[in-house]
Amino acid sequence: MLKILIADDHAVVRGGLRQFLADVPNCRIAGEASTGMETLALIRSEDWDLLLLDIGLPDLNGIEL
């Protein structure tokens, strides 16, 4: 099963991605972040199979991350 982290500063976008991926077999949304620093902390805390990353995150953008 793919363990997915969604990083986007818009709750509506995260919710839409979560809803879209809910029906995909062997996928599990295991974490969400709304800032670059939250994303970095989650990346460091455990292993992920897929990161859906917004380029324009506050405090640490997706390119810097």
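These values consider heavy atoms only, across backbone and side chains, with no hydrogens, waters or symmetry-generated copies.
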*asked:* Going by the rule salt bridge (charged side-chain N to carboxylate O under 4.0 Å, His left out), which residues pair with R28 if we only count those two or more places apart in sequence or in a different chain?
replied: none

According to a hydrophobic-cluster definition based on side-chain heavy atoms being under 4.5 Å apart (Ile, Leu, Val, Met, Phe, Trp, Tyr only), do [X] and [Y] belong together?
| X | Y | answer |
| --- | --- | --- |
| M37 | L57 | yes |
| I29 | L52 | yes |
| I55 | L17 | no |

*asked:* Quick check for you: to the nearest 0.5 Å, what is the distance between C27 atom SG and L50 atom CG?
replied: 7.5 Å

*Mind listing the closest non-hydrogen atom pair of P58 and S34 along with its distance?*
CD-O, 3.7 Å

*Please report the closest heavy-atom contact between L53 and G62, naming both atoms and the distance.*
CD2-O, 3.7 Å

_Suppose we screen for side-chain contact (heavy atoms from CB on, under 4.5 Å). Which residues come up paired with E64, at least two apart in sequence or across chains?_
L60, N61

Show the atom names and distances, to 0.1 Å, of all donor-acceptor pairs under 3.5 Å that link a side chain in residues 3-15 to residues at least two apart or in another chain.
residue: K3; atom: NZ; partner: E46; partner atom: OE1; Å: 2.4
residue: K3; atom: NZ; partner: D47; partner atom: O; Å: 3.3
residue: D8; atom: OD1; partner: H10; partner atom: N; Å: 2.8
residue: D8; atom: OD1; partner: H10; partner atom: ND1; Å: 3.3
residue: R14; atom: NE; partner: E32; partner atom: OE1; Å: 3.2
residue: R14; atom: NH1; partner: D8; partner atom: O; Å: 2.6

*So, W48 side chain and A30 main chain: donor-acceptor pair closer than 3.5 Å or not?*
no

_Show me the pairs that pass salt bridge (Lys or Arg N to Asp or Glu O under 4.0 Å) and involve residues 50-60, at least two apart or across chains._
none

